[in-house]
Amino acid sequence: TMYRLVAANGSMTMSETPGTLGGHRKNRTYGRLDCKAARRALGTGTSYSQQRVFFIDEATARSAGYRPCKVCMPDEYAAWKAGRLK
């Protein structure tokens, strides 16, 4: 299996390693790999998996313009919403 890793500048590269965080290109969100919201979306058989990307860490995800997931990262999401996460 190959995974789309997104760099801080937003460029994508294919990797055999999924990274530590998953993201969704359309929603511009990132979260834990075991996120129940992402797993639910993947299980519906929709095109969610085609929009799935992966990040090495949170700093890379935020630099690429993604926000934390409200479901699996509520504290980070609250900080992002309050403007404390850049």
Side-chain angles (χ1 to χ4, degrees):
T1 302
M2 295 297 284
Y3 302 94
R4 285 181 284 246
L5 279 179
V6 178
N9 66 4
S11 67
M12 279 192 252
T13 183
M14 299 306 287
S15 171
E16 291 182 359
T17 305
T20 61
L21 298 167
H24 189 267
R25 289 187 301 178
K26 185 176 180 183
N27 297 337
R28 306 294 286 180
T29 59
Y30 72 89
R32 295 190 327 245
L33 295 179
D34 64 345
C35 176
K36 66 181 179 181
R39 289 177 36 192
R40 190 175 326 122
L42 287 166
T44 63
T46 63
S47 62
Y48 186 91
S49 63
Q50 294 172 347
Q51 298 294 320
R52 191 87 161 131
V53 293
F54 298 89
F55 300 96
I56 296 298
D57 55 28
E58 285 188 66
T60 302
R62 288 191 308 271
S63 293
Y66 287 69
R67 66 168 177 79
C69 174
K70 185 177 181 179
V71 174
C72 68
M73 303 181 84
D75 294 338
E76 293 85 347
Y77 177 79
W80 171 82
K81 190 143 177 125
R84 294 189 306 263
L85 280 182
K86 302 284 186 225

Query raised in the report: Roughly how far apart are E58 CD and T20 OG1, rounded to 0.5 Å?
Result: 8.0 Å

Query raised in the report: Quick one: CD on E16 to CG on L5, what's the gap to the nearest 0.5 Å?
Result: 11.0 Å

Report task. Would you indicate whether the side-chain heavy atoms of P68 and Y30 approach each other to under 4.5 Å? Result -> yes

Requested in this report: Could you check if a side-chain atom of H24 sits within less than 4.5 angstrom of a side-chain atom of R52, using non-hydrogen atoms only?
Outcome: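 Sidechains of R52 and H24: no contact.
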
Give me the atom names and distance for the closest heavy-atom approach of [X] to [Y].
X: A8; Y: T60; answer: N-CG2, 3.5 Å
X: C69; Y: C35; answer: SG-SG, 3.8 Å
X: M73; Y: R32; answer: SD-N, 4.2 Å
X: L21; Y: L33; answer: C-CD2, 3.7 Å
X: K26; Y: Q51; answer: N-OE1, 3.6 Å
X: C72; Y: P74; answer: C-CD, 3.4 Å

Query raised in the report: Is I56 reachable from F54 through a run of I, L, V, M, F, W or Y residues, each pair having side-chain heavy atoms under 4.5 Å apart?
Result: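 Yes, same cluster.
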
Query raised in the report: When hydrophobic residues are tied together by side-chain contacts of less than 4.5 Å, even through go-betweens, does Y66 share a cluster with M12?
Result: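 Yes, same cluster.
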
Query raised in the report: Is the number of heavy atoms from other residues, nucleotides or ligands within 6.0 Å of CZ (R39) greater than 12?
Result: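 No - once you tally the heavy atoms of other residues, nucleotides and ligands closer than 6.0 Å, there are 12 at most.
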
